[in-house]
Amino acid sequence: MHNYDLMKKYILSTLAFVATVFAQAGNPSAVISIQADQPKQIISKHIYGHFAEHLGRCIYDGFWVDSSMQVEKDGRIRMDVVKALRDISIPNLRWPGGCYADEYQWRDGIGKPENRPITVNSNWGGVTEDNSFGTDEFMKLCDLLGCEPYLAANMGTGTPKDLRDWIEYLNYEGDSRLTQMRRENGHADAYGVSFFGIGNESWGCGGNMTPEYYADQYRQFQCYARNYSGHNIKKIASGANAGDFNWTEVCMKNIPRDCMWGLSLHYYTIPSGDWSKKGSSTEFDEAEYFNTMKNTLYMETLLDGHSAIMDRYDPGRSVALVVDEWGIWTDVIPETNPGFLYQQNSMRDALIAGINLNLFNNHSERVRMANLAQAINVLQSLVLTDNEKMILTPTYYIFKMYKVHHDANWLQSTVTCSDYAFGDKTIPSISVSSSKDANGKVHVSITNIDPHNAISTSVFLNGIDVANASGQIITSSNYTDCNTFDNPNKIGIKPFNDFKVSKGSIVLNMPPLSVITIEIE
Ligand code: AHR
């Protein structure tokens with residue numbers, strides 16, 4: 001190590017020490033050190049993916065509306081929603097479930113709408129499903145969104161033949177009975193879908209399987225997920241429920257590497273930690289806020305734990321960890337259908353999104369795809385609609401601000417910060433991730449979850465001189481603050497200038513409850 005490096009190390013550890021002493025003396029502070037001259041792996045844009053299930057008002061009365069609705073539409077697809085999602089460069093959309101996927105018969109959703117069968121959505125409210133939104137409508141939606149489709153295939157009640165036929169319908173360019181059907185349905189060209197999940201939550205709603213049984217079934221099903229006409233399938237196995245590390249262990253042991261592009265993980269932040277009484281999305285006190293933040297930070301333990309198991313079987317990291325369901329899950333808004341999972345989205349949700357996206361960026365060597373649950377009107381949504389009205393949630397604005405990390409090179413960062421304490425419990429107040437884009441611009445995203453204290457944060461950018469910096473912020477005075485149909489713009493992105501730049505560093509004042517992205521040239 002050169003003397004210069006040793007000196008840098010010494011200075012940084014001294015600063016970290018000073019931050020700790022300051023914090024102990026009651027002056028909340030943080031020191032972030034970024035290896036700005038050592039760009040590492042690409043942060044896949046697919047980490048910023050989304051999810052649309054046939055659930056509540058996500059598809060029907062969300063993306064897909066009644067022909068009589070007075071909004072701009074393409075067919076029955078709602079264009080204000082499409083434009084909002086295009087603005088955040090949505091990279092992929094997962095469909096049709098969720099639990100719904102393991103009862104979905106894809107043939108019910110093709111052909112003339114009047115000939116499609118009426119079925120029942122037995123997972124979500126037992127409502128009637130008219131199948132008017134099916135495969136070709138979903139592909140049209142992805143085309144309008146400019147994103148990649150991510151299809152979830154039915155293993156629970158489907159067969160390997162259903163899976164193979166669906167892929168032939170979608171991807172085969174030659175002549176066959178199925179491609180003739182696709183042509184009759186108006187699509188001469190193959191779609192060229194690549195992301196395909198095989199089963200969903202197969203440990204639960206997707207068949208209540210043991211990991212051993214699932215791994216065997218997966219091996220059989222994936223055999224028939226064929227690569228037609230040069231359109232190669234990226235096969236994604238249904239992975240663990242939160243901390244079920246044994247599921248990951250068995251899948252990694254029993255499924256050959258070349259049969260699996262990715263292995264998934266599902267983890268929801270439950271405010272109370274109790275699934276039977278999760279907590280409200282709009283009315284919660286500081287105890288519940290603290291608990292929610294603590295529960296969302298558990299994602300780091302999960303990413304570390306599942307990645308460590310995967311590393312043992314796959315040291316070259318060829319298999320991606322795909323967090324294809326994440327976000328906060330609260331009780332539904334009172335007087336709404338309990339099976340529709342409709343909840344509000346507050347400043348708390350924005351912080352949850354910022355923390356999780358920082359974690360995914362920081363684990364992007366293994367995490368190469370993730371999908372927030374869900375895009376519209378369900379769980380931690382980006383968009384809420386009420387007939388013709390549409391609002392964008394605080395979570396939406398986080399995805400907009402974090403767009404700069406899509407396909408940028410990850411920069412390693414370390415943080416030493418004061419804790420956010422509640423009662424006798426503490427959690428770190430600050431989280432960070434950073435990247436360098438193709439134009440050499442560095443972006444640093446920082447969250448401060450402390451609701452009471454601004455945090456003086458020193459950011460050291462090792463190896464670069466800061467010429468110019470600019471900032472954006474998402475913040476609000478209360479964690480319960482929301483955008484509502486009456487007050488749709490309470491929380492959004494604003495310019496942020498409360499920082500000072502010196503040669504290789506920036507000192508910024510992070511307000512309580514804030515998410516900031518600094519751009520550095
Ligand atoms: O996102 C809602 C549900 O949560 C999904 O259908 C299921 O996969 C999970 O349990």
Side-chain angles (χ1 to χ4, degrees), residues 49-60 62-63 92-104 119-127 129 133 138 150-158 195-209 211 214 218 236-244 247 262-271 273-276 278 281 295-296 299 302 322-333 336-345 349 352-353 356 369-384 393 395:
H50 293 280
F51 174 31
E53 180 165 12
H54 288 233
L55 194 179
R57 294 173 46 242
C58 184
I59 296 294
Y60 299 107
F63 282 112
N92 68 70
L93 188 62
R94 178 172 181 249
W95 175 82
C99 295
Y100 184 77
D102 278 298
E103 294 191 46
Y104 186 58
T119 54
V120 54
N121 187 335
S122 36
N123 280 288
W124 304 116
V127 293
E129 163 69 58
F133 188 90
F138 175 66
Y150 169 16
L151 295 174
N154 177 349
M155 178 192 269
T157 63
F195 294 117
F196 243 97
I198 302 183
N200 168 75
E201 298 196 348
S202 303
W203 38 263
C205 65
N208 209 12
M209 302 176 193
Y214 173 74
Y218 177 88
I236 299 169
S238 169
N241 176 19
D244 181 357
W247 187 280
L263 175 62
S264 77
L265 165 68
H266 288 184
Y267 175 62
Y268 285 98
T269 300
I270 309 298
D274 174 1
W275 279 89
S276 66
K278 298 181 262 304
S281 59
N295 292 343
T296 218
M299 180 65 94
L302 294 178
V322 176
V323 191
D324 56 13
E325 286 186 34
W326 67 274
I328 181 173
W329 190 326
T330 69
D331 294 331
V332 296
I333 295 285
T336 62
N337 187 328
F340 280 17
L341 311 186
Y342 180 70
Q343 62 191 48
Q344 243 296 5
N345 197 286
D349 295 60
I352 289 170
N356 281 281
M369 190 174 202
N371 302 77
L372 177 68
Q374 299 195 1
I376 313 182
N377 295 331
V378 170
L379 301 177
Q380 187 172 350
S381 308
L382 300 167
V383 176
L384 299 175
T393 66
T395 298

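Here, residue 1 is the first one in the sequence, and each next residue gets the next number. We count ligands from 1, going down the list as the structure has it; atoms in each ligand are counted the same way.
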Proximal atoms of ligand 1 relative to [X] (non-hydrogen, under 4.0 Å):
| X | answer |
| --- | --- |
| Asn200 | 8 (O) |
| Glu201 | 7 (C), 8 (O), 9 (C), 10 (O) |
| Tyr268 | 1 (O), 2 (C), 4 (O) |
| Cys99 | 5 (C), 6 (O), 7 (C), 8 (O) |
| Leu379 | 1 (O), 2 (C) |
| Phe51 | 1 (O) |

*Before signing off on this row, confirm whether His266 and ligand 1 have an N or O atom pair separated by under 3.5 Å.*
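Checking ligand 1 against His266, no N or O pair falls under 3.5 Å apart.
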_Short N or O distance, Gln374 and ligand 1, threshold 3.5 Å exclusive_ =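 Yes, there is a polar N/O contact under 3.5 Å.
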*Apply salt bridge (Lys or Arg N to Asp or Glu O under 4.0 Å) to Asp349 and list each qualifying residue two or more places apart in sequence or on a separate chain.*
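So Asp349 forms no salt bridge (Lys or Arg N to Asp or Glu O under 4.0 Å) with any residue.
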*Verdict with reasoning, Leu384 to Gln344, per side-chain contact (heavy atoms from CB on, under 4.5 Å)*: CA-CA 8 Å; Leu384 299 175; Gln344 243 296 5; 3.8 Å; yes
*atom 7 (C) of ligand 1: the protein heavy-atom neighbour that sits closest, reported with distance to 0.1 Å*: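 Looking at atom 7 (C) of ligand 1, the protein heavy atom closest to it is Glu325 OE1, 3.3 Å.
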*Identify the protein heavy atom lying closest to atom 6 (O) of ligand 1, giving its residue, its atom name and the separation to 0.1 Å.*
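Atom 6 (O) of ligand 1 sits closest to the protein heavy atom Glu53 OE1, 2.7 Å.
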Just by distance, no angles: are the side chains of [X] and [Y] close enough, under 3.5 Å, to form a donor-acceptor pair?
| X | Y | value |
| --- | --- | --- |
| Glu129 | Tyr60 | yes |
| Ser122 | Glu103 | yes |
| Thr157 | Asp102 | no |
| His266 | Asp324 | yes |

_Tell me whether Trp124 reaches ligand 1 (any heavy atom closer than 4.0 angstrom to a ligand atom)._
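A heavy atom of Trp124 does come that close to ligand 1.
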*Run the salt-bridge test on Arg94 and Glu53 with the 4.0 Å N-O cut-off and return the result as yes or no.*
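No.
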*Which residue, Ile352, Thr269, Ile328, forms the side-chain contact (heavy atoms from CB on, under 4.5 Å) with Asn295?*
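That would be Thr269.
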*For Tyr150 and Ile236, what are the C-alpha separation, side-chain angles and deciding distance, and is it a side-chain contact (heavy atoms from CB on, under 4.5 Å)?*
CA-CA 10 Å; Tyr150 169 16; Ile236 299 169; 3.5 Å; yes
Just heavy atoms, cut-off under 4.0 Å: does [X] contact ligand 1 by side chain, backbone, both, or neither?
| X | answer |
| --- | --- |
| Asn123 | neither |
| Val378 | neither |
| Trp326 | neither |

